Amino acid sequence: MATRKSKALNIEYPSAETVQIIQQSLLSWYQNDHRDLPWRKNTDPYSIWVSEIMLQQTRVDTVIPYYERFMKQFPTIFDLAQATDEQVVKAWEGLGYYSRARNLHAAAKEVVGKYGGRVPDDLITISSLKGVGPYTAGAILSIAYNKKVPAVDGNVMRVFSRLFALTDDIASISTRKKMEKIAEHLIPDDAPGDFNQALMELGAMICTPTSPQCLFCPVQSVCNAYHQGIQEELPRKKKAKPPQEVPVVVAWITCDEYCVVEKRENHGLLRGMWSLPTWEEITEEDAVESLQNICAEKQLSIKDIRIVGKLEHIFSHRHWKITIVAIHLEKKQDQLLSRWKWINIDELEQIALPNVYRKALDLLF
DNA sequence: GACGCGTGGAA
DNA sequence: TTTCCAAGCGT
């Protein structure tokens, strides 16, 4: 017999009675208690889409002002499609995970070009768009089109882990697939969007990572973890590695009212973003000497060079220990690295600069 | 499956 | 101070 390499998910579905209790309790609670968030004013697919991309790995309170500005600047998908990459990334400045902005922009152009600006309403097509994965596809289809598609994010996995006392590692892909099966089983035919949002809202407001507010939980009566008193032990999740420490030198190179900015490579950390000239793996002790050598190679005549500050910045997987070196040049030479460019210091605020460099500039001024 | 990809908030 | 993140996706 030919064996198939699909892992049995071993799902125990709740009874029909339990399903009904969960549906009614959650929907009732959500309709009464849900937060009045800006992306809940309507169910326009484009608006929902933008909000879901911004909310990926990002807190609601952080997203709100960005969302408001973004929707004012790009009210429709046509406005976004017609914008330049620079404009879109600038609107994303400070939000992080900048590939989200580039993917959203590219996908918006694709939707306008191929579908007349109508956001696809089927799972296969919408999932083919850049930056739209299983969660985002489900969120858009259920919230904007009221389709019965699961939208399983970290909130939902935490809620399900507790509700059904599941000990699976929520960091694994197979667990998410299992949760999606359970969600499909739970979503009511008449309110998929509200139900999916209710699950996430519960995870955000009641079934929180630490100190869940079980006494106020609308589904406490059917919560397996609560009855066993193990809600604080769930969900199970494999620990992530701490960010790797890297010594970094950032240069503040000036001449008169100009400074040098650097366009980062199109791969890796902060890909394609503007920055200040940056070198990894140069320690503070070697900072000045290294930059003197680098300037000598480029035949840049230094008027003054000194360490002007230190800064630590932690990305998702790297921990930069930064030494900021100010270099004042004799001449504003044109022959620089291809990725370098002189700009007027006043123009720094017009380019999209990741926060690590904004923090560096704050130290300087 | 594992890792790369930003940021700022909370405990 | 340290840890863990928060409505994930691409490779």
Side-chain angles (χ1 to χ4, degrees), chain A residues 5 7 34-35 37-40 48-67 89 92-104 106-107 126-140 142-143 150-159 169-177 179-180 183 193 196-205 207-212 232 235 237-246 264-273 275 312-320 352-359:
Chain A
K5 173 112 182 140
K7 200 189 320 185
H34 73 79
R35 290 167 293 176
L37 300 170
W39 44 88
R40 287 180 175 161
I48 301 298
W49 182 12
V50 171
S51 72
E52 292 301 340
I53 299 298
M54 285 191 174
L55 284 163
Q56 289 171 6
Q57 300 292 284
T58 310
R59 288 181 151 69
V60 166
D61 289 346
T62 302
V63 167
I64 289 174
Y66 281 91
Y67 178 80
V89 173
W92 213 268
E93 182 184 61
L95 248 194
Y97 287 145
Y98 298 98
S99 292
R100 293 184 296 175
R102 301 185 201 285
N103 288 338
L104 175 61
I126 202 169
S127 298
S128 73
L129 299 172
K130 284 185 181 178
V132 179
Y135 163 74
T136 305
I140 297 171
S142 64
I143 298 171
V152 175
D153 69 339
N155 284 312
V156 176
M157 290 206 280
R158 183 170 59 256
V159 169
D169 178 3
I170 64 168
S172 92
I173 293 176
S174 63
T175 302
R176 201 205 68 230
K177 292 183 183 294
M179 302 284 190
E180 286 172 345
N196 279 344
Q197 290 192 85
L199 281 174
M200 292 187 275
E201 190 79 354
L202 187 75
M205 304 305 293
C207 199
T208 47
T210 60
S211 311
E232 298 272 9
K237 187 178 183 182
K238 193 182 59 182
K239 283 182 184 170
K241 290 179 185 171
Q244 181 191 1
E245 291 192 3
V246 188
R264 291 181 64 82
E265 305 270 3
N266 277 322
H267 58 81
L269 187 63
L270 301 175
R271 66 183 67 170
M273 301 294 290
S275 68
E312 295 199 22
H313 189 83
I314 302 173
F315 300 98
S316 49
H317 66 298
R318 310 214 91 180
H319 179 168
W320 277 8
L353 209 54
N355 266 20
V356 57
Y357 295 105
R358 292 290 172 202
K359 283 163 65 178

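Remember, predicted model here, so these are calculated numbers, not experimental data.
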Whole-Å distance, A:Arg271 CZ to B:dC5 P, equals 7 Å
Need one value for A:Arg264: base, sugar-phosphate or nothing, where a base atom within 4.0 Å counts as base even if backbone is also close, heavy atoms only. nothing
Calculate the interatomic distance between A:Asp153 atom CG and C:dC9 atom C1'; express it in whole Å. 14 Å
Rounded to the nearest 0.5 Å, what separates atom OH in A:Tyr135 from atom CD in A:Gln56? 8.5 Å
Listed nucleotide nearest any side-chain atom of A:Lys239, set C:dG10, C:dC4, B:dA11: C:dC4
Using a 4.0 Å heavy-atom cut-off, does A:Val132 contact any base of the nucleic acid, only the sugar-phosphate backbone, or nothing at all? sugar-phosphate
Let me know, please, whether A:Arg318 or A:Asn355 comes out on the 5' side of the other along DNA chain B by nearest nucleotide. A:Arg318
Checking side-chain contact (heavy atoms from CB on, under 4.5 Å) between A:Leu55 and each of A:Val63, A:Thr136, A:Asp153, which is the one that passes? A:Val63
To the nearest Å, give me how far apart CZ (A:Phe315) and C1' (B:dG6) are. 7 Å
What closest approach, in Å, do A:Glu93 and A:Arg358 show between heavy atoms, and which atom pair accounts for it? OE2-NH2, 2.8 Å
Categorize A:Thr136 for me: base, sugar-phosphate, or nothing, with a 4.0 angstrom heavy-atom threshold over every strand shown. sugar-phosphate
Distance between the C1' atoms of B:dG8 and C:dT1, in whole angstroms? 16 Å
Could you tell me whether A:Gly94 contacts a base, only the sugar-phosphate backbone, or nothing, with contacts defined as non-hydrogen atoms closer than 4.0 Å? sugar-phosphate
In whole angstroms, the gap separating C1' of B:dG6 from CG of A:Leu95 amounts to 9 Å
Under 4.0 Å between any heavy atoms, over every strand shown, what does A:Arg158 touch: base, sugar-phosphate, or nothing? Just pick one. sugar-phosphate
Report yes if at least one side-chain N or O of A:Tyr97 is closer than 4.0 Å to OP1 or OP2 of C:dA6; otherwise report no. no
Does the side chain of A:Arg158 come within less than 4.5 Å of A:Ile170's, by heavy atoms? no
Check: A:His317 ring centroid to A:Phe315 ring centroid under 6.0 Å: no
Taking atom C1' in both B:dG1 and C:dG8, compute the distance separating them and give it to the nearest angstrom. 16 Å
Rounded to whole Å, CZ of A:Arg102 lies from C1' of B:dG4 at a distance of 16 Å
Mind checking A:Leu104 for me? I need base, sugar-phosphate or nothing, with any heavy atom below 4.0 Å counting as a touch. nothing
Mind checking if A:Ile314 touches a base, just sugar-phosphate, or nothing, with heavy atoms under 4.0 Å? base
Would you name the heavy atoms of A:Pro354 and A:Ala352 that are closest together and state the gap between them? CD-O, 3.9 Å
Taking donor-acceptor contacts at under 3.5 Å, does the side chain of A:Thr58 reach the base of B:dG6? yes
Once you apply a heavy-atom cut-off of 4.0 Å, does A:Pro209 come out as touching a base, just sugar-phosphate, or nothing? sugar-phosphate
Rounded to whole Å, please give me the gap between CZ in A:Arg176 and C1' in B:dG1. 13 Å
Between A:Trp39 and A:Lys130, name the one whose nearest nucleotide on DNA chain C is closer to the 5' end. A:Trp39
When the P atoms of B:dC3 and C:dC4 are compared, how many Å lie between them, rounded to an integer? 16 Å
Presence of A:His313 side-chain N/O under 4.0 Å of B:dT7 phosphate oxygens OP1/OP2: yes
Without decimals, in angstroms, what is the distance between A:Gln57 CD and C:dC5 P? 10 Å
To the side chain of A:Arg59, which of B:dA2, B:dG9, C:dG10 is closest? B:dG9
A:Lys241 vs B:dA2: side-chain N/O to OP1/OP2 distance below 4.0 Å: no
Are A:Leu129 and A:Trp49 packed together at the side-chain level, in the sense that at least one heavy-atom pair is separated by less than 4.5 angstrom? yes
Per nearest nucleotide of DNA chain C, the residue lying toward the 5' end, A:Ile173 or A:Glu201, is A:Glu201
Pairwise C1' distance, C:dC5 and B:dG6 [rounded to whole Å]: 13 Å
If I take atom NE2 in residue A:His317 and atom P in nucleotide C:dG10, what distance separates them, rounded to the nearest angstrom? 18 Å
Among B:dC5, C:dC4, B:dA2, which nucleotide has an atom closest to any side-chain atom of A:Leu269? B:dC5
